[in-house]
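Both ligands and their constituent atoms are indexed starting at 1 by order of listing.
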Amino acid sequence: MSTLLVTGADLVGEGPQDLLVEDGVITEVGRIRSARGADVLEADGLVALPGLVDLHTHLREPGREDAETIASGSAAAAVGGFTAVLAMANTDPVTDTAEAAERVLDLGRAAGLVDVQPVGAVTKALAGEELAELGLMHRSRAKVSVFSDDGKCVHDARVMRRALEYVRAFGGVVSQHAQDPRLAGPSACCHEGELSGRLGLPGWPGIAEETIVARDVMLARHTGSRVHIAHVSTAGSVEVLRWAKAQGIDVTAEVTPHHLVLTTDLVSGYDPTFKVNPPLRPLEDVEALRAALSDGTIDAVATDHAPHARHDKEHAFVDAAFGMLGLETALAVVSDTMVRAGLLDWAAVARVMSQAPARIAGLSDHGQPLAAGSPANLTLVDPTAEVTVDRSASLSLSRNNPWHGRTLRGAVHATVLRGRVTAMKGAIA
Ligand SMILES: [Zn+2]
């Protein structure tokens, strides 16, 4: 029997306690003087959170193992404080069958650092036309319950309606990448405004997101089903979500760390590191997103970790791939941006980075209270550590890190998956 004693951790900001973990389960919380044979993890001054859960990770395997593998992405996730990640379906081949989903699950188990839960495609090959094998994926060993064509929008309203009706039968959810392709096509890469005009970059207007969000909350109401909006990026989308929630519509939403901080002016030097989809927005949008995360209109933080090989990212801005790394820096960015500013306390961080994402994804082993009987998935955070991000220190295979050179306050100290320390101070344990 393996035993771990965590001493003196501030449990979700509610004061110091000791935690005893036996065989992967928390068995005692309180003042525990000693536990015979236990490994001791001293956590004085650290905040203990339930293990972080990422609703939106691109692991690139199968197909682009030069950019990331399930093993390398799992390592980046573990040092970032995550105990579970949802692996997006836009791999090559696409995760649109039960077999493909089970392969991702098995590769995650083989890596053994975080629970890798596959997301299934909504439509075959992400083509937006024919529904993928949603039921078969759900009934497979991978028990897929989150479906997304992420990278692409399910733009056809009839297909979206049918997908919502289908997943309702088993309590699944469709996670929508909201981008009307008629208003923001594949080349759109810069927030549409004065800056995109001056830089000569194809504009990606907020309305292309907001019209899809508005349509999809109405489809969720009509079908009685559950919709999740990925990477919300505009104040207008926040307004729609606030209205929809007030009506009792079953909608949830996520925001990325980068959309909580980085603004569109960063692209003025044409640095493709800052090319992301949806694009970085003006400060008004960033401030609305922070407020929405703080007041619960946005339920969760999700990284949209999007590793890219150098030869895909280091191009002229218009030709470079979309996306940024995020797993290793997410907690630090949320701490530095939201906790330091008083917009979230640690209990709220636990809510938006663990409990809500676990609930949305239906992961019953995660996001549980740090109490006797819960699986011992936890993240220990040093709230006062200041770390300067160095992209060369990443465990990801890619280097497209928009936080490089920034000093962030708040760092993951250790991550524990079912009682086993998976990461410690930025390294795999
Ligand atoms: Zn997306």
> Among side-chain atoms of Asp115 and His366, is any donor-acceptor pair under 3.5 angstrom?
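Their side chains do contain a donor-acceptor pair, which is all the 3.5 Å distance test asks for.
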> State the atom name: nearest N, O or S atom of His231 to the Zn ion (ligand 1).
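Relative to the Zn ion (ligand 1), the closest nitrogen, oxygen or sulfur of His231 carries the name NE2.
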> In sequence, state the C-alpha distance, the side-chain angles, and the governing distance for Gln179 and Asn277, and then conclude on side-chain hydrogen bond (donor to acceptor under 3.5 Å, both in side chains).
CA-CA 9 Å; Gln179 175 180 7; Asn277 192 8; 3.1 Å; yes
> Report yes or no: does His56 have an N/O/S atom closer than 2.8 Å to the Zn ion (ligand 1)?
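It does not: His56 brings no N, O or S atom closer than 2.8 Å to the Zn ion (ligand 1).
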> For a side-chain hydrogen bond (donor to acceptor under 3.5 Å, both in side chains) with Asp304, tell me which candidate from His56, His259, His177 qualifies.
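It is His56; the other options fail the test.
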> Angle at the Zn ion (ligand 1) between OD1 of Asp150 and ND1 of His177, to 10°?
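Value, to the nearest 10 degrees: 90°.
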> Does Arg281 make a cation-pi contact with Trp204 (under 6.0 Å, within 45 degrees of the axis)?
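Satisfied, under 6.0 Å and within 45°.
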